[in-house]
Amino acid sequence: MTNDSPEEETRAPGSGRGGVGGGKGMTRRNRADDNVTILTSSMDLHRVGRSRASSSTDPAPSITSSVDLSNSLELSIQTRIFKIIVIGDSNVGKTCLTFRFTGGSFPDKTEATIGVDFREKAVEIEGETIKVQVWDTAGQERFRKSMVEHYYRNVHAVVFVYDVTKMASFRNLQTWIEECNGHRVSASVPRVLVGNKCDLVDQIQVPSNTALKFADSHNMLLFETSAKDPRESQNVDSIFMALACRLKAQKSLLYRDVEREDGRVRLTQQTETKSNCPC
Ligand SMILES: Nc1nc2c(ncn2[C@@H]2O[C@H](COP(=O)(O)OP(=O)(O)OP(=O)(O)O)[C@@H](O)[C@H]2O)c(=O)[nH]1
């Protein structure tokens with residue numbers, strides 16, 4: 001299935017649908033825009049899943065708790081979720097980048113990702129709270145083969161990562177792009193290129209000009225950054241915020257009007273066309 005537009009939803013990871021206009025031009029070392037506010041720290045989706053599961057086994061809700069449930073359901077319905085996948089060779093720093101964005105720190109120790117890790121962060125863009133759901137995928141073939149379909153299903157945006165100190169990880173980008181295209185990710189789904197580990201200045205193998213040409217030829221934005229260097233943290237945020245802004249700026253299906261009839265929730269579609277997002 002191709003992806004058409006971001007969609008507001010309340011479902012589990014991977015159930016999103018849609019995508020928006022592709023990248024254009026080049027951006028380097030972008031800084032987060034002042035208009036963009038990060039609302040919460042990271043939230044592990046596994047934890048969310050567990051808490052939802054446990055509430056479903058609770059005793060029958062009292063009147064008060066069902067009101068609470070209705071309110072939280074409405075809030076949840078009104079929050080759009082953007083699914084962004086992070087792909088690239090093993091060891092390029094995908095996990096560290098997602099940690100830096102969702103948790104604001106660099107992990108002391110990482111292990112090879114097996115399958116996928118989900119992390120989520122709520123951000124506010126022009127008054128709307130949006131959940132940016134980051135899928136940190138495994139770079140090693142043996143840890144990804146059974147999951148690949150899930151990565152690409154209903155994805156809203158793709159982040160390709162290479163290691164600026166490893167030319168091979170840059171050359172392999174072509175393979176990652178082909179894999180992405182092979183999974184019917186629409187050309188309209190925005191993609192960005194990230195050169196990570198820029199703090200290792202003495203070891204850089206991939207010149208910026210080479211990366212810029214590659215990004216341009218694939219209609220992608222380029223970010224050169226470091227998940228490790230705290231001075232680069234705003235730049236890491238900019239990767240995901242630029243995508244979120246772009247996704248928000250596009251026409252999207254909104255399920256704004258929540259109506260309840262006979263205890264059921266009815267969702268009414270609306271179309272959003274305007275955006276003042278500066279990104
Ligand atoms: N110097 C430096 N090291 C980094 C940076 N980002 C990640 N690393 C290190 O690179 C190694 C791999 O990082 P990960 O984030 O686990 O790499 P990955 O791409 O998620 O790897 P897989 O899970 O196998 O696909 C770790 O030792 C990190 O500490 C960075 O910006 N600078």
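Everything numeric here is computed off the predicted structure, so don't read it as measured data. One-based numbering, in listed order, for ligands and for the atoms of each.
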In ligand 1, the atoms that come under 4.0 Å of a heavy atom of Ser226 are 31 (O)
Among all protein non-hydrogen atoms, which one is nearest to atom 24 (O) of ligand 1, and what is the separation to 0.1 Å?
Ser90 OG, 2.6 Å
I'd like to check Phe106 versus Val236 (side-chain heavy atoms, cut-off strictly below 4.5 Å). Are they in contact?
no
State if Phe106 counts as touching ligand 1 under the rule of any non-hydrogen atom under 4.0 Å.
yes
Test item: Tyr151 side-chain N/O and Gly115 main-chain N/O as donor-acceptor pair under 3.5 Å:
yes
State whether the shortest distance between N or O atoms of Glu111 and N or O atoms of ligand 1 falls below 3.5 angstrom.
no
Verdict with supporting geometry, Lys248 and Glu126, side-chain contact (heavy atoms from CB on, under 4.5 Å):
CA-CA 10 Å; Lys248 176 177 159 51; Glu126 293 184 313; 3.6 Å; yes
Please identify which atoms of ligand 1 are closer than 4.0 Å to at least one heavy atom of Ala112.
23 (O), 24 (O)
Per ring-ring contact (aromatic ring centres under 6.0 Å, His included), Phe240 is matched among Phe223, Phe101, Trp135 by Phe101
Ile125 vs Met241 side-chain heavy atoms within contact, under 4.5 Å:
yes
Judged by atom type as modelled, is there a donor-acceptor pair below 3.5 Å linking the side chain of Thr102 to the main-chain atoms of Thr98?
yes
Identify the protein heavy atom lying closest to atom 6 (N) of ligand 1, giving its residue, its atom name and the separation to 0.1 Å.
Asn196 ND2, 3.1 Å
Sub-4.5 Å side-chain heavy-atom contact between Phe143 and Ser90:
no
Check each atom of ligand 1 against the heavy atoms of Lys94 and keep those under 4.0 Å away; list them by number with element.
15 (O), 17 (O), 18 (P), 19 (O), 20 (O), 21 (O), 22 (P), 25 (O)
Measure from the side-chain N and O atoms of Asn196 to the backbone N and O of Lys94, and report whether any donor-acceptor pair falls under 3.5 Å.
no
Numbered atoms of ligand 1 (with element) below 4.0 Å of Cys96, judged on heavy atoms:
6 (N), 7 (C), 13 (O), 15 (O), 28 (C)
To the closest 0.5 Å, what do you measure between CG (Asp89) and OG (Ser169)?
5.5 Å
Nearest 0.5 angstrom please: Lys166 NZ to Gln205 CD, how far?
7.5 Å
Heavy atom of Val161, distance to ligand 1 below 4.0 Å:
no
Quick one: look up the protein heavy atom nearest atom 12 (C) of ligand 1 and list residue, atom name and how far away it is.
Asn91 OD1, 3.2 Å
Just need the protein heavy atom nearest to atom 31 (O) of ligand 1, so name the residue and atom and give the distance.
Ala227 N, 2.9 Å
Using a strict cut-off of 4.0 Å, indicate which atoms of ligand 1 neighbour a heavy atom of Asp199.
1 (N), 2 (C), 30 (C), 31 (O), 32 (N)
So, regarding Gly93 and ligand 1 (criterion: nitrogen or oxygen to nitrogen or oxygen, under 3.5 Å), is there a contact or not?
yes
May I ask you to test the Pro230-Arg100 pair for a side-chain heavy-atom distance under 4.5 Å?
yes
Atom 26 (C) of ligand 1 - nearest protein heavy atom and its distance
Thr110 OG1, 3.6 Å
Suppose we measure from atom 3 (N) of ligand 1 to each protein heavy atom; which comes out shortest, and what is that distance?
Lys197 CD, 3.9 Å
Please list, in number order, the atoms of ligand 1 under 4.0 Å from a heavy atom of Asp89.
19 (O)
What atoms in ligand 1 come closer than 4.0 Å to a heavy atom of Leu200?
1 (N)
